Amino acid sequence: MWYNVGMNDFNFYSPTLFAFGKDKELETGALVRRFGGSRVLVHFGGGSAVRSGLLDRVTRSLEAAGLFAVKLGGVKPNPRSSKVEEGVALCAAEKIDFILAVGGGSVIDSSKAIAIGAANGGHWREYYVGKDRTPPPIPAALPVGVVLTIAAAGSEGSGNSVITLEPENLKRATSNDVLRPRFSVLNPALTFSLPPYQTACGLTDMFAHVCERYFTQTRDVVVTDELCEAVMRTVVAESAKVLADPNDYQARANVMWAGMLAHNNTCGVGRAQDWASHGIEHELSALYDCAHGAGLAVVMPAWMDYVCETDLVRFVRFATHVWGISPQENDLVTARAGIAAFRSWLKGIGMPLTFAELGAREEDIPLLVKTLGLNGNKLGSFRPLDDADVEAIYRRCLG
(Lines give C-alpha, C1' and ligand atoms only; values in the text may rest on other atoms or scores of the structure.)
Protein backbone atom coordinates (compact mmCIF):
# COMPACT_ATOMS: atom_id res chain seq x y z
CA MET A 1 0.00 0.00 0.00
CA TRP A 2 1.29 3.51 -0.85
CA TYR A 3 1.61 6.12 1.88
CA ASN A 4 2.42 9.82 1.81
CA VAL A 5 5.81 10.75 3.22
CA GLY A 6 4.43 12.51 6.28
CA MET A 7 4.10 11.89 9.99
CA ASN A 8 5.78 8.63 10.93
CA ASP A 9 4.04 5.89 12.90
CA PHE A 10 5.07 5.98 16.55
CA ASN A 11 4.56 4.62 20.04
CA PHE A 12 4.74 7.22 22.79
CA TYR A 13 4.98 6.18 26.43
CA SER A 14 5.47 8.87 29.08
CA PRO A 15 4.46 7.52 32.48
CA THR A 16 6.14 10.09 34.74
CA LEU A 17 4.08 11.77 37.45
CA PHE A 18 5.07 15.42 37.81
CA ALA A 19 4.61 17.02 41.24
CA PHE A 20 5.01 20.69 40.27
CA GLY A 21 5.02 23.66 42.63
CA LYS A 22 6.22 25.21 45.86
CA ASP A 23 7.49 22.88 48.61
CA LYS A 24 6.64 19.80 46.54
CA GLU A 25 9.89 18.18 47.69
CA LEU A 26 8.16 17.58 51.03
CA GLU A 27 6.04 14.93 49.28
CA THR A 28 9.05 12.90 48.13
CA GLY A 29 8.73 10.12 50.71
CA ALA A 30 5.07 9.54 49.93
CA LEU A 31 5.86 9.45 46.20
CA VAL A 32 8.66 6.92 46.62
CA ARG A 33 6.35 4.68 48.64
CA ARG A 34 3.54 5.15 46.10
CA PHE A 35 5.81 3.82 43.36
CA GLY A 36 6.98 0.79 45.29
CA GLY A 37 10.19 1.92 46.92
CA SER A 38 11.24 0.74 50.37
CA ARG A 39 15.05 0.88 50.34
CA VAL A 40 16.26 4.04 48.63
CA LEU A 41 19.58 5.21 47.25
CA VAL A 42 19.60 9.02 47.44
CA HIS A 43 21.99 10.19 44.72
CA PHE A 44 23.16 13.80 44.54
CA GLY A 45 25.96 16.03 43.32
CA GLY A 46 28.03 18.60 45.14
CA GLY A 47 27.40 20.63 48.24
CA SER A 48 24.52 22.81 47.05
CA ALA A 49 21.85 20.26 47.93
CA VAL A 50 23.40 20.03 51.41
CA ARG A 51 23.99 23.76 51.95
CA SER A 52 20.48 24.71 50.81
CA GLY A 53 18.88 22.26 53.23
CA LEU A 54 17.17 20.42 50.37
CA LEU A 55 18.84 17.10 51.13
CA ASP A 56 17.74 17.32 54.76
CA ARG A 57 14.14 18.08 53.75
CA VAL A 58 14.10 15.15 51.34
CA THR A 59 15.69 12.82 53.90
CA ARG A 60 13.13 13.79 56.55
CA SER A 61 10.35 13.14 54.04
CA LEU A 62 11.72 9.65 53.37
CA GLU A 63 12.02 8.95 57.09
CA ALA A 64 8.45 10.15 57.69
CA ALA A 65 7.28 7.63 55.09
CA GLY A 66 9.09 4.84 56.93
CA LEU A 67 11.68 4.28 54.20
CA PHE A 68 15.29 3.14 54.53
CA ALA A 69 17.71 5.49 52.77
CA VAL A 70 21.42 5.55 52.03
CA LYS A 71 23.17 8.52 50.40
CA LEU A 72 25.71 8.72 47.60
CA GLY A 73 26.94 12.17 46.62
CA GLY A 74 29.75 13.50 44.49
CA VAL A 75 28.25 13.39 40.99
CA LYS A 76 30.19 15.75 38.71
CA PRO A 77 29.00 17.51 35.56
CA ASN A 78 29.45 15.14 32.62
CA PRO A 79 28.86 12.26 35.07
CA ARG A 80 31.56 9.62 35.32
CA SER A 81 31.36 5.86 35.09
CA SER A 82 33.40 5.43 38.29
CA LYS A 83 30.58 7.00 40.31
CA VAL A 84 28.09 4.73 38.55
CA GLU A 85 30.14 1.68 39.55
CA GLU A 86 30.21 2.94 43.13
CA GLY A 87 26.44 3.31 43.09
CA VAL A 88 25.83 -0.13 41.61
CA ALA A 89 27.99 -1.73 44.31
CA LEU A 90 26.20 0.22 47.03
CA CYS A 91 22.81 -0.89 45.69
CA ALA A 92 23.88 -4.53 45.85
CA ALA A 93 25.27 -4.19 49.38
CA GLU A 94 22.20 -2.39 50.73
CA LYS A 95 19.55 -4.26 48.72
CA ILE A 96 18.30 -1.02 47.20
CA ASP A 97 15.02 -1.14 45.27
CA PHE A 98 14.59 2.54 44.31
CA ILE A 99 16.94 5.30 43.11
CA LEU A 100 16.17 8.91 44.05
CA ALA A 101 18.06 11.58 42.11
CA VAL A 102 18.32 14.94 43.90
CA GLY A 103 19.89 17.35 41.43
CA GLY A 104 20.09 18.19 37.76
CA GLY A 105 20.71 16.27 34.57
CA SER A 106 24.08 14.82 35.57
CA VAL A 107 22.69 13.38 38.79
CA ILE A 108 19.62 11.99 37.01
CA ASP A 109 21.70 10.44 34.23
CA SER A 110 24.04 8.83 36.76
CA SER A 111 21.02 7.54 38.70
CA LYS A 112 19.61 5.94 35.55
CA ALA A 113 22.91 4.18 34.84
CA ILE A 114 23.00 2.88 38.42
CA ALA A 115 19.41 1.71 38.02
CA ILE A 116 20.44 -0.33 34.97
CA GLY A 117 23.43 -1.91 36.71
CA ALA A 118 21.53 -2.68 39.91
CA ALA A 119 18.82 -4.51 37.98
CA ASN A 120 21.15 -6.43 35.66
CA GLY A 121 23.73 -8.05 37.89
CA GLY A 122 26.11 -5.09 37.72
CA HIS A 123 26.02 -4.84 33.93
CA TRP A 124 25.28 -1.36 32.60
CA ARG A 125 28.21 -0.17 30.51
CA GLU A 126 27.33 -2.22 27.42
CA TYR A 127 24.00 -0.39 27.22
CA TYR A 128 25.89 2.87 26.56
CA VAL A 129 28.29 1.53 23.95
CA GLY A 130 26.72 -0.99 21.61
CA LYS A 131 27.70 -1.78 18.04
CA ASP A 132 28.11 1.24 15.74
CA ARG A 133 26.98 3.51 18.60
CA THR A 134 23.63 1.74 18.81
CA PRO A 135 23.21 0.29 22.32
CA PRO A 136 21.19 -2.92 22.78
CA PRO A 137 17.75 -2.78 24.45
CA ILE A 138 17.84 -2.45 28.23
CA PRO A 139 16.04 -5.44 29.76
CA ALA A 140 15.29 -3.88 33.16
CA ALA A 141 16.11 -1.03 35.53
CA LEU A 142 15.29 -0.12 39.10
CA PRO A 143 12.65 2.60 39.37
CA VAL A 144 13.99 6.15 39.48
CA GLY A 145 12.47 9.25 41.07
CA VAL A 146 13.71 12.83 40.76
CA VAL A 147 13.84 16.00 42.82
CA LEU A 148 14.96 18.51 40.19
CA THR A 149 17.27 21.42 41.00
CA ILE A 150 18.29 22.59 37.51
CA ALA A 151 16.03 23.25 34.53
CA ALA A 152 18.15 22.12 31.60
CA ALA A 153 18.68 18.52 30.55
CA GLY A 154 15.07 17.33 30.57
CA SER A 155 16.21 14.01 32.01
CA GLU A 156 13.46 14.33 34.62
CA GLY A 157 10.93 13.41 31.94
CA SER A 158 12.90 11.38 29.43
CA GLY A 159 14.24 7.88 28.97
CA ASN A 160 17.69 9.22 28.09
CA SER A 161 21.00 9.11 29.93
CA VAL A 162 24.54 10.23 29.05
CA ILE A 163 27.65 8.99 30.89
CA THR A 164 31.37 9.70 30.44
CA LEU A 165 33.02 6.29 30.24
CA GLU A 166 36.38 5.96 31.97
CA PRO A 167 39.27 5.48 31.40
CA GLU A 168 38.66 6.07 27.66
CA ASN A 169 36.97 9.43 28.40
CA LEU A 170 34.17 8.71 25.91
CA LYS A 171 30.82 10.41 26.41
CA ARG A 172 28.08 8.00 25.36
CA ALA A 173 24.28 7.90 25.58
CA THR A 174 21.46 5.42 25.90
CA SER A 175 17.70 5.72 25.66
CA ASN A 176 14.89 3.43 26.74
CA ASP A 177 11.42 3.93 28.19
CA VAL A 178 12.37 1.74 31.15
CA LEU A 179 14.55 4.67 32.28
CA ARG A 180 11.74 7.23 32.42
CA PRO A 181 11.38 8.43 36.03
CA ARG A 182 8.36 7.19 37.93
CA PHE A 183 7.93 10.69 39.33
CA SER A 184 9.66 14.04 39.20
CA VAL A 185 9.34 16.78 41.79
CA LEU A 186 9.59 20.18 40.11
CA ASN A 187 9.74 23.15 42.48
CA PRO A 188 10.85 26.23 40.54
CA ALA A 189 12.05 27.87 43.76
CA LEU A 190 14.82 25.28 43.97
CA THR A 191 16.42 26.93 40.92
CA PHE A 192 16.57 30.47 42.38
CA SER A 193 20.15 30.09 43.58
CA LEU A 194 21.60 28.93 40.26
CA PRO A 195 24.42 31.19 39.00
CA PRO A 196 23.61 33.09 35.78
CA TYR A 197 26.06 31.02 33.71
CA GLN A 198 24.53 27.74 34.85
CA THR A 199 21.05 29.10 34.16
CA ALA A 200 22.14 30.15 30.66
CA CYS A 201 23.69 26.74 29.97
CA GLY A 202 20.36 25.16 30.91
CA LEU A 203 18.43 27.48 28.63
CA THR A 204 20.77 26.60 25.76
CA ASP A 205 20.48 22.88 26.42
CA MET A 206 16.68 22.87 26.35
CA PHE A 207 16.57 25.05 23.21
CA ALA A 208 18.98 22.61 21.54
CA HIS A 209 16.80 19.63 22.53
CA VAL A 210 13.95 21.17 20.58
CA CYS A 211 16.19 21.98 17.61
CA GLU A 212 17.30 18.35 17.35
CA ARG A 213 13.66 17.46 16.76
CA TYR A 214 12.64 20.55 14.80
CA PHE A 215 15.21 20.20 12.02
CA THR A 216 13.76 17.20 10.25
CA GLN A 217 13.14 15.91 6.76
CA THR A 218 9.71 14.58 7.82
CA ARG A 219 6.88 16.50 6.21
CA ASP A 220 3.34 17.40 7.32
CA VAL A 221 4.07 17.30 11.07
CA VAL A 222 2.13 20.46 11.79
CA VAL A 223 1.30 19.80 15.44
CA THR A 224 4.86 19.07 16.53
CA ASP A 225 6.24 21.90 14.38
CA GLU A 226 4.00 24.31 16.24
CA LEU A 227 4.86 22.78 19.61
CA CYS A 228 8.59 23.05 18.90
CA GLU A 229 8.29 26.68 17.90
CA ALA A 230 6.18 27.56 20.95
CA VAL A 231 8.71 26.00 23.32
CA MET A 232 11.64 27.73 21.62
CA ARG A 233 9.91 31.11 21.74
CA THR A 234 9.08 30.57 25.41
CA VAL A 235 12.68 29.73 26.30
CA VAL A 236 13.88 32.90 24.56
CA ALA A 237 11.22 35.13 26.13
CA GLU A 238 11.65 33.78 29.66
CA SER A 239 15.46 33.82 29.49
CA ALA A 240 15.53 37.61 29.84
CA LYS A 241 13.28 37.44 32.90
CA VAL A 242 15.17 34.75 34.81
CA LEU A 243 18.55 36.37 34.14
CA ALA A 244 17.25 39.81 35.17
CA ASP A 245 15.60 38.45 38.32
CA PRO A 246 16.74 34.97 39.42
CA ASN A 247 13.91 34.88 41.98
CA ASP A 248 11.13 35.42 39.44
CA TYR A 249 9.04 32.35 40.32
CA GLN A 250 6.75 32.49 37.31
CA ALA A 251 9.62 32.82 34.83
CA ARG A 252 11.50 29.99 36.55
CA ALA A 253 8.31 27.91 36.43
CA ASN A 254 7.87 28.46 32.69
CA VAL A 255 11.52 27.62 32.05
CA MET A 256 11.33 24.48 34.19
CA TRP A 257 8.29 23.14 32.34
CA ALA A 258 9.77 24.11 28.96
CA GLY A 259 12.88 22.10 29.78
CA MET A 260 10.78 19.02 30.47
CA LEU A 261 8.67 19.44 27.31
CA ALA A 262 11.84 19.94 25.27
CA HIS A 263 13.08 16.43 25.99
CA ASN A 264 10.30 14.05 27.02
CA ASN A 265 9.62 13.69 23.27
CA THR A 266 6.21 15.35 23.18
CA CYS A 267 7.73 17.63 20.54
CA GLY A 268 9.45 14.82 18.67
CA VAL A 269 6.95 12.04 18.01
CA GLY A 270 6.24 11.05 14.43
CA ARG A 271 9.23 12.84 12.94
CA ALA A 272 12.82 11.93 12.15
CA GLN A 273 15.19 13.52 14.65
CA ASP A 274 18.75 14.64 14.03
CA TRP A 275 21.02 14.73 17.14
CA ALA A 276 24.20 15.42 15.17
CA SER A 277 24.94 18.58 17.18
CA HIS A 278 24.69 16.65 20.44
CA GLY A 279 27.02 13.95 19.16
CA ILE A 280 29.55 16.55 18.02
CA GLU A 281 29.30 18.44 21.30
CA HIS A 282 29.70 15.37 23.48
CA GLU A 283 33.28 15.08 22.30
CA LEU A 284 33.96 18.65 23.45
CA SER A 285 32.55 18.18 26.94
CA ALA A 286 34.32 14.81 27.25
CA LEU A 287 37.73 16.25 26.30
CA TYR A 288 37.52 19.67 27.95
CA ASP A 289 34.95 18.99 30.70
CA CYS A 290 33.03 22.08 29.62
CA ALA A 291 29.36 22.58 30.40
CA HIS A 292 27.18 20.72 27.91
CA GLY A 293 25.05 23.80 27.23
CA ALA A 294 28.14 25.91 26.58
CA GLY A 295 29.44 23.34 24.10
CA LEU A 296 26.09 23.29 22.33
CA ALA A 297 26.18 27.10 22.06
CA VAL A 298 29.38 26.75 20.05
CA VAL A 299 28.41 23.71 17.97
CA MET A 300 24.76 24.23 17.08
CA PRO A 301 25.07 27.54 15.17
CA ALA A 302 28.08 26.11 13.32
CA TRP A 303 26.03 23.05 12.40
CA MET A 304 23.21 25.31 11.20
CA ASP A 305 25.60 27.30 9.01
CA TYR A 306 26.89 24.08 7.49
CA VAL A 307 23.57 22.35 6.75
CA CYS A 308 21.08 25.17 6.17
CA GLU A 309 21.09 24.89 2.38
CA THR A 310 19.99 21.26 2.73
CA ASP A 311 16.48 22.58 3.40
CA LEU A 312 16.17 26.34 3.18
CA VAL A 313 12.41 26.18 3.69
CA ARG A 314 12.92 24.70 7.15
CA PHE A 315 15.48 27.35 8.09
CA VAL A 316 13.28 30.14 6.74
CA ARG A 317 10.49 28.87 8.98
CA PHE A 318 12.93 28.86 11.93
CA ALA A 319 13.81 32.49 11.17
CA THR A 320 10.26 33.72 10.71
CA HIS A 321 8.30 31.60 13.24
CA VAL A 322 10.84 31.52 16.09
CA TRP A 323 12.75 34.80 15.70
CA GLY A 324 10.10 36.95 14.03
CA ILE A 325 12.30 37.87 11.07
CA SER A 326 10.56 39.28 8.01
CA PRO A 327 11.33 37.54 4.71
CA GLN A 328 14.46 38.99 3.12
CA GLU A 329 15.45 39.29 -0.55
CA ASN A 330 15.82 35.51 -0.85
CA ASP A 331 15.48 32.37 1.24
CA LEU A 332 19.19 31.99 1.93
CA VAL A 333 19.45 35.51 3.36
CA THR A 334 16.35 34.91 5.50
CA ALA A 335 17.72 31.58 6.73
CA ARG A 336 21.07 33.09 7.67
CA ALA A 337 19.31 35.95 9.45
CA GLY A 338 17.59 33.37 11.64
CA ILE A 339 20.90 31.72 12.47
CA ALA A 340 22.37 35.15 13.25
CA ALA A 341 19.45 35.86 15.59
CA PHE A 342 20.09 32.55 17.36
CA ARG A 343 23.76 33.46 17.79
CA SER A 344 22.82 36.90 19.07
CA TRP A 345 20.52 35.39 21.70
CA LEU A 346 23.24 32.98 22.83
CA LYS A 347 25.74 35.81 23.15
CA GLY A 348 23.18 37.90 25.02
CA ILE A 349 22.67 35.26 27.70
CA GLY A 350 26.42 34.90 28.17
CA MET A 351 27.21 31.78 26.18
CA PRO A 352 30.46 31.18 24.27
CA LEU A 353 30.30 31.09 20.48
CA THR A 354 33.80 29.92 19.51
CA PHE A 355 36.40 27.32 20.39
CA ALA A 356 38.55 30.02 21.97
CA GLU A 357 35.76 31.19 24.27
CA LEU A 358 35.04 27.59 25.24
CA GLY A 359 38.71 26.74 25.88
CA ALA A 360 38.88 24.26 22.98
CA ARG A 361 41.89 23.98 20.67
CA GLU A 362 42.09 23.80 16.89
CA GLU A 363 44.87 21.21 17.07
CA ASP A 364 42.49 18.80 18.84
CA ILE A 365 40.00 18.66 15.96
CA PRO A 366 41.41 15.42 14.46
CA LEU A 367 41.17 13.80 17.91
CA LEU A 368 37.58 15.01 18.36
CA VAL A 369 36.61 13.50 15.00
CA LYS A 370 38.36 10.24 15.82
CA THR A 371 36.80 9.79 19.27
CA LEU A 372 33.35 10.49 17.86
CA GLY A 373 33.87 7.06 16.30
CA LEU A 374 31.68 7.10 13.20
CA ASN A 375 33.74 4.28 11.67
CA GLY A 376 32.36 4.91 8.21
CA ASN A 377 28.80 5.51 9.42
CA LYS A 378 26.85 8.76 9.20
CA LEU A 379 25.74 11.06 12.01
CA GLY A 380 22.31 12.72 12.05
CA SER A 381 19.34 12.55 9.72
CA PHE A 382 18.63 16.12 8.59
CA ARG A 383 21.84 15.97 6.59
CA PRO A 384 23.78 12.79 7.38
CA LEU A 385 27.38 13.72 8.23
CA ASP A 386 30.60 11.81 7.65
CA ASP A 387 33.99 12.48 9.25
CA ALA A 388 34.84 15.22 6.76
CA ASP A 389 31.55 16.99 7.49
CA VAL A 390 32.14 16.78 11.23
CA GLU A 391 35.63 18.20 10.85
CA ALA A 392 34.25 21.05 8.74
CA ILE A 393 31.72 21.87 11.47
CA TYR A 394 34.39 21.85 14.15
CA ARG A 395 36.41 24.26 12.01
CA ARG A 396 33.40 26.57 11.74
CA CYS A 397 33.42 26.62 15.54
CA LEU A 398 36.80 28.43 15.39
CA GLY A 399 34.94 31.66 14.61
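The chain is numbered in sequence order, starting from 1. From a predicted model like this one, the values you see are computed outputs, not experimental measurements.
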Is the shortest heavy-atom distance from the side chain of [X] to the side chain of [Y] under 4.5 Å?
X: Leu100; Y: Val147; answer: yes
X: Leu243; Y: Thr199; answer: yes
X: Leu62; Y: Val42; answer: yes
X: Glu94; Y: Leu41; answer: no

Do [X] and [Y] share a hydrophobic cluster (ILVMFWY, side-chain heavy atoms under 4.5 Å, transitive)?
X: Leu54; Y: Tyr249; answer: no
X: Val390; Y: Trp303; answer: yes
X: Phe12; Y: Trp275; answer: no
X: Ile108; Y: Val102; answer: no

Flag the pair [X] and [Y] as a salt bridge only when some basic side-chain nitrogen lies within less than 4.0 angstrom of an acidic carboxylate oxygen.
X: Arg383; Y: Glu309; result: no
X: Arg317; Y: Asp225; result: yes
X: Glu168; Y: Arg125; result: yes
X: Arg343; Y: Asp305; result: yes

Test: Lys71 cationic atom under 6.0 Å from Phe44 six-membered ring centre, within 45° of axis: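 Checked: cation-pi criterion not met.
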Charged tip of Arg39 within 45° of Phe68 ring normal and under 6.0 Å: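 Flagged: Arg39 positioned over aromatic ring of Phe68.
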Using modelled atom types and a 3.5 Å cut-off, is there a donor and acceptor pairing between side-chain atoms of [X] and backbone atoms of [Y]?
X: Arg252; Y: Ala151; value: no
X: Glu212; Y: His278; value: yes
X: Ser61; Y: Leu26; value: yes

side-chain contact (heavy atoms from CB on, under 4.5 Å) between Thr28 and Leu31, intermediate numbers included: CA-CA 5 Å; Thr28 305; Leu31 288 168; 5.6 Å; no
Sole residue of His282, Glu283, Glu281 in side chain to side chain donor-acceptor pair (under 3.5 Å) with Ser285: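 That would be Glu281.
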Intermediate values then yes/no, salt bridge (Lys or Arg N to Asp or Glu O under 4.0 Å), Asp289 and Lys171: CA-CA 10 Å; Asp289 203 25; Lys171 196 169 180 181; over 6 Å; no
Plane angle bin for Phe318 and Tyr214 - parallel if under 30°, tilted between 30 and 60°, otherwise perpendicular: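 Tilted.
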Trp257 and Phe20 aromatic ring geometry - parallel, tilted or perpendicular at 30°/60° bounds: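 The arrangement is perpendicular - the two ring planes meet at more than 60°.
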Working for salt bridge (Lys or Arg N to Asp or Glu O under 4.0 Å), residues Asp331 and Arg314: CA-CA 10 Å; Asp331 283 352; Arg314 172 62 35 173; over 6 Å; no
We want to know whether [X] and [Y] form a side-chain donor-acceptor pair, criterion being a heavy-atom distance below 3.5 angstrom.
X: Glu357; Y: Thr354; answer: yes
X: Ser155; Y: Lys112; answer: yes
X: Ser38; Y: Asp97; answer: yes
X: Thr59; Y: Glu63; answer: no
X: Ser161; Y: Tyr128; answer: yes
X: Asn187; Y: Lys22; answer: no
X: Arg180; Y: Asn264; answer: no

Steps toward salt bridge (Lys or Arg N to Asp or Glu O under 4.0 Å) verdict (Asp23, Arg57): CA-CA 10 Å; Asp23 299 325; Arg57 295 197 298 277; over 6 Å; no
Closest non-hydrogen atom pair between Pro136 and Glu126, with its separation: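 Shortest heavy-atom separation between Pro136 and Glu126 comes out as CD-O, 3.4 Å.
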Verdict with reasoning, Arg395 to Glu363, per salt bridge (Lys or Arg N to Asp or Glu O under 4.0 Å): CA-CA 10 Å; Arg395 295 201 177 278; Glu363 58 266 30; over 6 Å; no
Exceeds 12 heavy-atom contacts within 6.0 angstrom, atom CG of Asn330: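 Count over threshold, so yes.
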Straight-line distance of Ser184 OG to Leu148 CG, nearest 0.5 Å: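 The CG atom of Leu148 is 7.0 Å from OG of Ser184, to the nearest 0.5 Å.
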